[in-house]
2 protein chains.
Amino acid sequence: MTQMMKGILDGCLLAIINENEVYGYELAVKLERYGFDSISEGTIYPLLIRMQKEKLVTSTYKKSTAGPKRKYYSLTDKGEEELASFIKRWEYLQINVTNVLNDETKP
Amino acid sequence: MTQMMKGILDGCLLAIINENEVYGYELAVKLERYGFDSISEGTIYPLLIRMQKEKLVTSTYKKSTAGPKRKYYSLTDKGEEELASFIKRWEYLQINVTNVLNDETKP
DNA sequence: CATGAGTACCTTGCATTACAAGGTACTTAA
DNA sequence: TTAAGTACCTTGTAATGCAAGGTACTCATG
């Protein structure tokens, strides 16, 4: 499972950040609810930092009612473009893999 | 695109090998026709060797009508199990990613 | 007030793996 | 005999998910 996530997870993060500002810990919780059980914080935080370096997201700290300050992320214009591009790549991949599996395993 | 293939390509290879014996060069051609333009032989051969080490496939050399001997691969029982397992993982991934994209980008 | 649970962030090091680039060698036709 | 097409393989590099480990804040409980 873990290998399959490579290159897909960042697109999912962009998608989640797209609608609302979110913070890293929240992302971990949301992803888990979506069924990605195994995505740990050790994966998410480096990814967010990388995406910020690439100017796909920006961040601001806000106080929390319970616990340390939260680092909220939101998409830049470039991030929105990257999300759109990811969706296209994902759809393309999905179609191709589905074709292979259908053609070759149900002849 | 290339990152998204990690962990997916080997399942596709298993699927293609599943029905008919195929050789490496043929796999490259088939994948290209399925839309995976960028999958080069430098990717496929190491993967086949790895899968053989893991006893997912076996291979036999046969003469070719044009060119050097071909190394034909076929699935072992373990390979068939792995293919079935891959299909489940893929379907699971597909559903989850689709949910994220739908929920978060079309609210 | 001290302690623990829950929240929230981050770093280091490792393993996996797709690919570019480069190499070998066989067959057939010009 | 030369070129084109077929067919195999290896080396080195880059990307990236994750386990493990660490820091620090808030609040309720004893």
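Below, chains carry the letters A, B, ... as their sequence lines are ordered, and counting in each starts from 1. As a basis for the values below, the full set of heavy atoms in this structure was taken, side chains included, without hydrogen atoms, waters or symmetry mates.
Across all strands shown, B:Thr2 has heavy atoms under 4.0 Å from sugar-phosphate atoms exclusively, and none from any base. Using a 4.0 Å heavy-atom criterion, one finds that B:Gly42 contacts the bases of the nucleic acid, with or without backbone contacts as well. Residue contacts shown for B:Lys71 are limited to sugar-phosphate atoms, with no base heavy atom under 4.0 Å away.
Rounded to an integer number of Å, the gap from CG of B:Leu27 to P of C:dA18 is 14 Å. With rounding to whole Å, A:Asp10 atom CG is found 6 Å from D:dG17 atom P. Between the P atom of D:dG17 and the CE atom of B:Met4 lies a distance of 12 Å, rounded to the nearest Å. Atom P of nucleotide C:dC19 and atom CZ of B:Arg50 are separated by 13 Å, given to the nearest angstrom. Rounded to whole angstrom, the span from the CD1 atom of B:Ile44 across to the C1' atom of C:dA18 amounts to 11 Å. Look at NZ on B:Lys53: it is 13 Å from P on C:dT17, rounded to the nearest Å. Between A:Tyr25 atom OH and C:dT7 atom P there is a gap of 5 Å when expressed in whole angstrom units. Put simply, CD1 on B:Ile8 is 19 Å from P on D:dA15, counting in whole angstrom units.
Of the residues in residues 59-68 of chain B, those lying under 4.0 Å from DNA chain C by heavy-atom distance are B:Thr65, B:Gly67, B:Pro68.
Checking A:Ile49 against A:Lys69, the closest nucleotide of DNA chain C that is more toward the 5' end is the one next to A:Lys69.
Counting only heavy atoms from C-beta outward, the side chains of B:Phe36 and A:Asn96 approach each other to under 4.5 Å. Side chains of A:Leu27 and A:Leu48 form a contact here, defined as non-hydrogen atoms less than 4.5 Å apart.
Residues passing the ring-ring contact (aromatic ring centres under 6.0 Å, His included) test with A:Tyr23, sequence neighbours excluded: A:Tyr72.
Proximity note for B:Arg70 (side chain, C-beta onward) versus C:dT17, D:dA7, C:dC19: the nearest is D:dA7. Residue B:Tyr73 places its side chain closer to D:dC9 than to any other of D:dC9, D:dT6, C:dA18. Relative to the side chain of A:Met5, the nucleotides C:dC9, D:dC8, D:dG17 differ in distance, and D:dG17 lies closest. Closest contact between the side chain of B:Tyr45 and the listed nucleotides C:dA18, D:dC9, D:dT16 involves D:dC9. In this structure, of C:dC9, C:dT17, C:dC19, it is C:dC19 that holds the atom nearest to the side chain of B:Ser40. Across C:dT11, C:dA18, C:dT16, the shortest atom-to-atom separation from the side chain of A:Gln3 is found for C:dT16.
The minimum heavy-atom distance between B:Leu101 and A:Ala15, with the atom names listed, is CD2-CB, 3.8 Å.
None of B:Arg50, B:Gln52, B:Lys78 except one satisfies the side chain to side chain contact (heavy atoms under 4.5 Å, CB included) rule with B:Val57; the exception is B:Gln52.
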Start with the C-alpha distance between B:Lys55 and B:Glu82, add both sets of side-chain angles, then the distance that settles salt bridge (Lys or Arg N to Asp or Glu O under 4.0 Å), and finish with yes or no. CA-CA 10 Å; B:Lys55 314 235 172 174; B:Glu82 176 57 26; over 6 Å; no
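Evaluation of atom-type donor-acceptor distances gives a pair under 3.5 Å for the side chain of B:Glu41 against the base of D:dC8.
With hydrogens and angles ignored, the 3.5 Å screen pairs a side-chain donor or acceptor of B:Tyr92 with a backbone N or O of A:Gly35.
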